[in-house]
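Okay, so here's the structure we're looking at.
Naming: A, B, ... by sequence-line order, numbering from 1 per chain. Predicted, not measured: the structure shown is a model, and the values here were computed from it.
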Number of protein chains: 2
Amino acid sequence: MKIVDYKEVKAEAVDFEDVKDVKVRWLISDKDKAPNFAMRLFEVGPGGYSPLHTHNWEHEVFILEGEGVANNGEKETKLKSGAVVYVAPNEKHQFRNVGDSIFKFICLIPISK
Amino acid sequence: MKIVDYKEVKAEAVDFEDVKDVKVRWLISDKDKAPNFAMRLFEVGPGGYSPLHTHNWEHEVFILEGEGVANNGEKETKLKSGAVVYVAPNEKHQFRNVGDSIFKFICLIPISK
């Protein structure tokens, strides 16, 4: 059984095109021999965002802290602590911080894609 | 894109042997056509617990609120908000509330087991 506080897991800058001020912590992954899906914690700084994009795998997201929006390419929906987001495979999506503090959420993806 | 506050999802009593005061909300599941894994939110009342058991699938857990312990059959480890727990397939496990308020966590499992 692996037990760790998320703050002990290294935060890595997400360094892609169209990403601003996003860090990721890989909380559980294939490095732990997790067979099916990985858990990450994202921290988006004020004004920051993930890219507006699609891919053929899903996201399951739980919002922990802060104020953000989910953008599906047509509209934006506000997100706060306790919100749950399911992004289906091939669905356009982006997460943006619209508040003054860190926008934090956990996001799970399949390991085999 | 499905977006919902977890409080809008129905909480169901977990009614098995060796379970005390546990409710589950199925936040994302195959009902949403999630192909690989499901997200649940568990709320364990003061003094409550899940069963000490094993099964051949994994759990990926993120603690949201309250004070609990993870029991692997040999020792107990304290859990609080921000803790991450990976339970491998066939590993003995139990979650117990040791505080005065609701012990809340999200727990993901594979859909095909």
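- Among all heavy-atom pairs drawn from B/Asp32 and A/Tyr86, the shortest one is O-CE2, 3.6 Å.
- The one candidate from A/Leu108, A/Val84, A/Val85 that meets the side chain to side chain contact (heavy atoms under 4.5 Å, CB included) condition with B/Ile28 is A/Val84.
- Scanning all heavy atoms of the two residues, the minimum distance from B/His93 to A/Met1 falls at CB-CE, 3.6 Å.
- No chain of hydrophobic side-chain contacts below 4.5 Å, direct or via other Ile, Leu, Val, Met, Phe, Trp or Tyr residues, connects A/Ile102 to A/Phe42.
- Between B/Phe37 and A/Phe37, the ring planes lie parallel to each other; the angle is under 30°, not in the 30° to 60° tilted range.
- There is a path of hydrophobic side-chain contacts, each under 4.5 Å, that joins A/Ile109 to A/Phe95.
- Using a 4.5 Å cut-off between side-chain heavy atoms of Ile, Leu, Val, Met, Phe, Trp and Tyr, with links allowed through other members, A/Val19 and A/Tyr49 fall into different hydrophobic clusters.
- Within the 4.5 Å cutoff, side-chain heavy atoms of B/Leu79 are placed close to those of A/Ile3.
- Only the backbone of B/Val61 comes within contact range of chain A, with heavy atoms under 4.5 Å apart.
- Follow the hydrophobic side-chain contacts under 4.5 Å out from B/Trp57 and you never reach A/Met39; the two are in separate clusters.
- Both A/Ile63 and A/Val24 belong to a single network of hydrophobic side chains, linked directly or stepwise wherever heavy atoms of I, L, V, M, F, W or Y lie under 4.5 Å apart.
- No more than 12 heavy-atom neighbours from other residues, nucleotides or ligands sit within 6.0 angstrom of CG on B/Asp100.
- Per-residue heavy-atom pair counts under 4.5 Å with chain A were compared for B/Ser81, B/Gly82, B/Ala83, and the maximum is reached by B/Gly82.
- Heavy-atom distances place both the backbone and the side chain of B/Glu60 under 4.5 Å from chain A.
- The residue among A/Ala70, A/Ala88, A/Pro35 with the most heavy atom pairs within less than 4.5 Å of chain B is A/Pro35.
- With rounding to the nearest 0.5 angstrom, the CG atom of A/Leu64 is 5.0 Å from the CZ atom of B/Phe62.
- Residues A/Asp5 and B/Lys80 meet the side-chain proximity criterion, which asks for heavy atoms closer than 4.5 Å.
- The candidate with the highest count of non-hydrogen atom pairs below 4.5 Å against chain A, out of B/Pro110, B/Ser112, B/Pro89, is B/Pro110.
- Surrounding NZ of A/Lys104 are more than 12 heavy atoms belonging to other residues, nucleotides or ligands, all under 6.0 Å away.
- In this structure, A/Lys23 places its NZ atom where only 12 or fewer heavy-atom neighbours from other residues, nucleotides or ligands lie under 6.0 Å away.
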